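Okay, structure first, notes after.
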Amino acid sequence: MKPVILDNPDAGVDLHLHTSASDGSNSPEEVVNLAADNNVSIIAITDHDTMVAVPRAIAQGKQRGLSVIPGIEISASYNSESVHILGLGIKKVNNGFRETLKKIHDGRLTRNPRIVQNLNIAGMDLTLKDVQDCAGGDIIGRPHIAQAMLNKGYVETTDQAFKQYLIRGAKAYVERYRPDVLKATTLIREAGGIPVLAHPGLMKYENFSVLKNHIQSLKKLGIEALETHYPCHSPTVFSILSQFAREFDLLETGGSDFHGIHKPNRIGLGCDFEKIPFSFARPFLERLGKLISRQEIKTDHVHCK
Ligand code: AMP
Ligand code: ZN
Ligand code: FE
Ligand code: FE
């Protein structure tokens with residue numbers, strides 16, 4: 001095994017990764033191995049609504065000389081839309097955090113059968129069991145439903161499943177509980193983490209001035225950083241978001257949003273499918289107190305249950 005040298009200027013970072021604990025297709029160990037094999041030396045595990053994969057990823061990270069930041073991704077409601085918030089560097093969650101996660105999990109449990117029911121009405125012979133069989137953990141989401149539809153031959157791609165049936169406004173879509181942004185950022189901060197606005201370029205906006213207003217409002221609601229370096233951001237969007245980050249004194253992060261087979265994104269690659277260099281994330285990591293030395297890796301341990 002090749003140990004990753006953290007002060008290696010060629011090392012990369014990836015602060016947005018999903019495992020099979022939510023809707024990624026790879027185990028925590030596989031995600032860490034893929035990162036290490038791709039010369040990515042600092043990663044954040046950011047499963048939707050759960051941190052159960054973090055201890056396994058940290059253990060594997062120690063084997064591979066790679067530092068793992070405990071994280072989470074929460075869908076929050078903002079102006080009746082959904083925005084995704086990453087909590088990076090979570091240290092210890094309190095009861096309020098746990099209760100909110102339970103409410104989100106319960107929301108999924110009531111929503112998923114309703115989506116399946118809508119698909120049945122649309123003529124598909126699909127059961128909740130078919131969907132559960134596509135999931136590796138407790139968090140069952142739309143990507144698993146899309147995968148079940150694909151497996152049964154009702155769609156040719158999961159993308160088609162989303163576009164025709166699963167996105168907001170499509171015929172099988174059903175809402176689920178989401179905390180508001182202030183609640184999500186407050187819980188993340190109370191847990192010792194930094195609230196990051198994930199993929200801001202995917203928000204709905206008519207022009208950059210509207211996007212700028214959104215960023216300003218979201219900062220007031222507790223967002224401290226923008227995930228500017230992201231595969232679906234064009235170089236123009238990346239540059240505009242970096243400008244907004246400077247203007248509003250927000251930090252910048254970068255992540256691939258890797259999901260394995262459920263998304264084509266590749267570990268360690270952000271905007272324009274270019275590597276996210278360590279130097280790019282340095283200010284953020286410094287703020288997180290995670291500017292990493294070899295010594296720190298050996299002693300690094302986090303409470304995340
Ligand atoms: P859920 O949390 O169950 O509502 O599902 C949200 C997940 O579905 C997100 O993590 C995305 O990765 C995925 N997703 C949302 N929209 C799309 C889309 N248009 N195509 C593919 N995946 C999507
Ligand atoms: Zn996902
Ligand atoms: Fe997201
Ligand atoms: Fe994500």
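All residue numbers refer to positions in the sequence shown, counting from 1. It should be emphasised that the depicted structure is a prediction, and the values quoted were computed from it without experimental measurement. Whatever order the structure lists ligands and atoms in, that order sets their numbers, starting from 1.
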What atoms in ligand 1 come closer than 4.0 Å to a heavy atom of [X]?
| X | answer |
| --- | --- |
| Asp23 | 7 (C), 10 (O) |
| Gly141 | 3 (O) |
| Ile167 | 19 (N) |
| His259 | 10 (O), 12 (O) |

Open item on the list: Test your reading of the model: is there a side-chain donor-acceptor pair from Asp14 to the backbone of Gly268, 3.5 Å cut-off?
Closed with: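 It does hold such a pair.
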TODO: Evaluate the ring planes of Phe238 and His229, with Trp represented by its six-membered ring, and classify them as parallel (under 30°), tilted (30 to 60°) or perpendicular (over 60°).
DONE: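 Tilted.
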- [ ] On the 0 to 90° scale, with breaks at 30° and 60°, tag the His48-His18 ring pair as parallel, tilted or perpendicular.
- [x]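 His48 vs His18 ring planes: parallel.
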Between [X] and [Y], does any side-chain donor sit less than 3.5 Å from a side-chain acceptor?
| X | Y | answer |
| --- | --- | --- |
| Glu29 | Asn33 | no |
| His144 | Asp23 | no |
| Tyr230 | His16 | no |
| Tyr177 | Asp106 | no |

Task: Contact check: Asp23 to the Zn ion (ligand 2), N/O/S below 2.8 Å - done: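 Of the N, O and S atoms in Asp23, at least one lies under 2.8 Å from the Zn ion (ligand 2), which means yes.
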- [ ] Return yes when at least one N/O/S atom of His199 is nearer than 2.8 Å to the Fe ion (ligand 4), and no when none is.
- [x]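 No, since none of the N, O or S atoms of His199 sits under 2.8 Å from the Fe ion (ligand 4).
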Task: Mode of Lys163 contact toward ligand 1 - side chain, backbone, both, neither (heavy atoms, under 4.0 Å) - done: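 Answer for Lys163: neither.
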- [ ] Could you walk me through whether Asp138 and Thr50 pass the side chain to side chain contact (heavy atoms under 4.5 Å, CB included) test, one step at a time?
- [x] CA-CA 9 Å; Asp138 290 341; Thr50 181; over 6 Å; no
Open item on the list: For the metal site, I want the angle between atom OD1 of Asp257 and atom NE2 of His18 with the Fe ion (ligand 4) at the apex, to 10°.
Closed with: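 OD1 of Asp257 and NE2 of His18 make an angle of 90° at the Fe ion (ligand 4), to the nearest 10°.
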TODO: Decide whether the shortest distance between a heavy atom of Pro143 and an atom of ligand 1 is less than 4.0 Å.
DONE: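 Yes; Pro143 lies near enough to ligand 1 that a heavy-atom distance drops under 4.0 Å.
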Open item on the list: Can you tell me if Arg176 contacts ligand 1 (heavy atom of the residue under 4.0 Å from the ligand)?
Closed with: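 Yes, that is the case, since the closest heavy atom of the residue is under 4.0 Å from the ligand.
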- [ ] Step through the shown structure and confirm whether more than 12 heavy atoms of other residues, nucleotides or ligands are within 6.0 Å of NZ on Lys163.
- [x]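 Not more than 12 within 6.0 Å, no.
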TODO: Can you establish whether the number of heavy atoms outside Arg266 located under 6.0 Å from its atom CZ is more than 12?
DONE: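 Atom CZ in Arg266 is not packed in, count stays at 12 or less.
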Open item on the list: Give me the nearest non-hydrogen protein atom to atom 13 (C) of ligand 1 as residue plus atom name, then the distance to 0.1 Å.
Closed with: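 So the nearest neighbour among protein heavy atoms is Phe162 CZ, 3.7 Å.
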TODO: Could you check atom 6 (C) of ligand 1 against the protein and tell me its nearest heavy-atom contact, residue, atom and distance included?
DONE: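 Its nearest protein heavy-atom neighbour is Arg142 NH2, 3.6 Å.
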Open item on the list: On a heavy-atom basis, I'd like to know which of Arg111, Arg108, Arg178 is closest to atom 4 (O) of ligand 1.
Closed with: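 That would be Arg111.
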Task: Vertex the Zn ion (ligand 2), rays to NE2 in His48 and NE2 in His259 - rounded to 10° - done: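 Value, to the nearest 10 degrees: 130°.
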TODO: Write the atom name of the N, O or S atom in Glu73 that is nearest the Fe ion (ligand 4).
DONE: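 Result for Glu73 and the Fe ion (ligand 4): OE1.
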